[in-house]
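The structure appears below as structure tokens.
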2 protein chains.
Amino acid sequence: MNIGTASEKSGLPAKTIRYYEDIGLLRPDRADNGYRDYSMSDVHRLRFLQRSRSLGFSVEECRQLLSLYGDKERESADVKALAETKLTEIDRKLAELTELRNTLRHLVHNCHGDSRPDCPIIDGLSGRAQTQ
Amino acid sequence: MNIGTASEKSGLPAKTIRYYEDIGLLRPDRADNGYRDYSMSDVHRLRFLQRSRSLGFSVEECRQLLSLYGDKERESADVKALAETKLTEIDRKLAELTELRNTLRHLVHNCHGDSRPDCPIIDGLSGRAQTQ
DNA sequence: CTTGCACTTCCAGTTACTGGAAGCTTTATA
DNA sequence: TATAAAGCTTCCAGTAACTGGAAGTGCAAG
């Protein structure tokens, strides 16, 4: 499929898809007319990149995560260690997102726009306050 | 407190904290010697910025979220609409993170590094596959 | 009193895109 | 079949969000 279709299916702009190719994150085929030709597997990689980037992982972290798949030379222990490191990060992100959601929920339900100067919303937004 | 302490408490590099001041995200006091002087409220803002940036929100989105607090001119409906938009985004991010975690968990527990060529991990990593 | 570390500003470099020009290919319409 | 529009190509420049380093000042400890 052409880059436009891959863009639609992955949620990434065509520009970004070409950029990801430039930095070696995928290598689509080329058709006879010179157009890039994306497989479903390419689209899966792109969707994964779209997601993990939007969740705050760096491009290099995404590269590592992608290497968990399809890299036949990697040792099992190696793969597991990397995946477990990322799992810990993901769990932290989940906890932080949950807290952020709770705070915003509170804001929506309890604040009425009167902006009392003592509204402690910022404390919630910033997570458990460090008093020391 | 000085920028070094604010950096420790917020988890942001001093460089980044100065940058956030440059782009108008906070306005710490200045001591007589010219040093920036951060309050606990500043640190809360910084911690919030650290979190929401690492969770994939842009600086401009963070600016909006920060404006939910302390902007006494905003209308209640306005604040609620913004918060609710962000809540929807956060819920989507939560779902995506949860899926990503499940996929990595599966990888850690079920893949043994033998890299079967039909290992469907990439499908999981990329979310529900779009077959059409 | 001087060594060293933290702070200041300023400017240059990096990461990860993003926009636009110039040109070729394909597709839709007259 | 002509031709216009849309989609693709490369290349180069610009932006966002930092990040590193130089050059200089403040301050606390030995």
Side-chain angles (χ1 to χ4, degrees), chain A residues 1-39 42-43 45-67 86 89 93 96 126, chain B residues 1-39 42-43 45-67 86 89 93 96 100 125-126:
Chain A
M1 81 189 71
N2 283 350
I3 198 168
T5 313
S7 169
E8 263 176 58
K9 282 185 192 285
S10 66
L12 286 170
K15 280 268 179 189
T16 304
I17 296 177
R18 289 193 199 97
Y19 171 71
Y20 285 166
E21 183 179 344
D22 281 353
I23 62 172
L25 288 175
L26 75 166
R27 275 177 146 281
D29 283 348
R30 291 283 175 144
D32 291 344
N33 57 11
Y35 284 19
R36 289 167 179 84
D37 182 21
Y38 295 89
S39 65
D42 289 326
V43 171
R45 286 179 88 85
L46 291 170
R47 276 186 66 74
F48 169 69
L49 286 165
Q50 189 280 319
R51 287 200 158 196
S52 42
R53 286 292 296 127
S54 90
L55 293 168
F57 291 98
S58 75
V59 165
E60 286 316 305
E61 286 173 318
C62 293
R63 199 192 294 275
Q64 290 184 327
L65 285 167
L66 276 175
S67 81
K86 294 302 170 191
E89 264 178 70
K93 278 175 192 283
E96 289 178 358
S126 64
Chain B
M1 83 189 71
N2 283 350
I3 199 168
T5 313
S7 168
E8 263 176 58
K9 282 185 189 289
S10 65
L12 286 170
K15 279 267 176 187
T16 304
I17 296 177
R18 290 194 198 98
Y19 171 72
Y20 286 164
E21 182 179 347
D22 282 351
I23 63 173
L25 288 175
L26 76 166
R27 273 175 147 284
D29 283 347
R30 292 280 174 147
D32 291 343
N33 57 11
Y35 285 19
R36 289 168 179 86
D37 182 21
Y38 295 90
S39 66
D42 290 325
V43 171
R45 285 179 89 86
L46 290 170
R47 274 186 65 75
F48 169 69
L49 286 164
Q50 189 279 319
R51 286 198 159 199
S52 42
R53 287 289 297 127
S54 90
L55 293 167
F57 290 98
S58 74
V59 163
E60 285 317 304
E61 286 173 318
C62 293
R63 199 192 295 275
Q64 289 184 328
L65 285 167
L66 277 174
S67 82
K86 295 301 171 193
E89 263 177 72
K93 279 176 192 284
E96 289 177 358
L100 186 54
L125 285 173
S126 65

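Labels below follow one simple rule: chain letters A, B, ... track the order of the sequence lines, proteins then strands, and each chain is numbered from 1. The model shown is predicted, which means the values in this text are computed figures rather than measured ones.
Rounding to whole angstrom units, CZ of residue F57(B) and C1' of dC18(D) are separated by 20 Å. One atom, CD of E21(B), and another, P of dA17(D), lie 17 Å apart when rounded to the nearest Å. Atom CD1 of I17(A) is separated from atom C1' of dA16(C) by 15 Å (rounded to the nearest Å). The distance from atom CD of Q50(A) to atom P of dA16(C) is 16 Å, rounded to the nearest whole Å. Taking atom CG of D32(B) as the reference point, atom P of dT8(C) lies 14 Å away to the nearest angstrom. Rounded to whole Å, the distance from CG on D37(B) to P on dT8(C) is 10 Å. Taking atom CD on E60(B) and atom P on dA16(D), their separation rounds to 9 Å, with Å as the unit. Rounded to whole Å, the distance from CG on N2(A) to P on dT27(C) is 9 Å.
To the nearest 0.5 Å, atoms NZ (K86(B)) and NZ (K93(B)) are separated by 9.0 Å.
Nearest-nucleotide positions on DNA chain D for Y38(A) and K15(B) put Y38(A) closer to the 5' end. When each of Y20(B) and Y35(B) is assigned the nucleotide of DNA chain D bearing its nearest heavy atom, the one mapping closer to the 5' terminus is Y20(B). Nearest-nucleotide mapping onto DNA chain C: of Y19(A) and A14(B), the residue sitting toward the 5' end is A14(B).
Residue I3(A) is in sugar-phosphate contact alone, with no base atom involved, counting any heavy-atom pair closer than 4.0 Å across all strands shown.
Put simply, R36(B) has no side-chain N or O that comes within less than 4.0 Å of OP1 or OP2 on dG26(D). Within the structure, a side-chain polar atom (N or O) of T16(B) is placed less than 4.0 Å from OP1 or OP2 of dT19(D). Contact annotation: R30(A) reaches the phosphate of dT10(D) (side-chain N/O to OP1 or OP2, under 4.0 Å). Within the structure, a side-chain polar atom (N or O) of N33(A) is placed less than 4.0 Å from OP1 or OP2 of dT26(C). For dT15(C), neither phosphate oxygen OP1 nor OP2 lies less than 4.0 angstrom from any side-chain nitrogen or oxygen of R53(A). The phosphate of dT15(C) (OP1 or OP2) has no side-chain N or O of S58(A) nearer than 4.0 angstrom.
A salt bridge links E60(B) with R63(B): at least one charged nitrogen is closer than 4.0 Å to a carboxylate oxygen.
Residues E21(B) and P28(B) are in side-chain contact: their nearest non-hydrogen atoms beyond the backbone lie under 4.5 Å apart. The closest side-chain heavy-atom distance from D42(B) to D29(B) is not below 4.5 Å.
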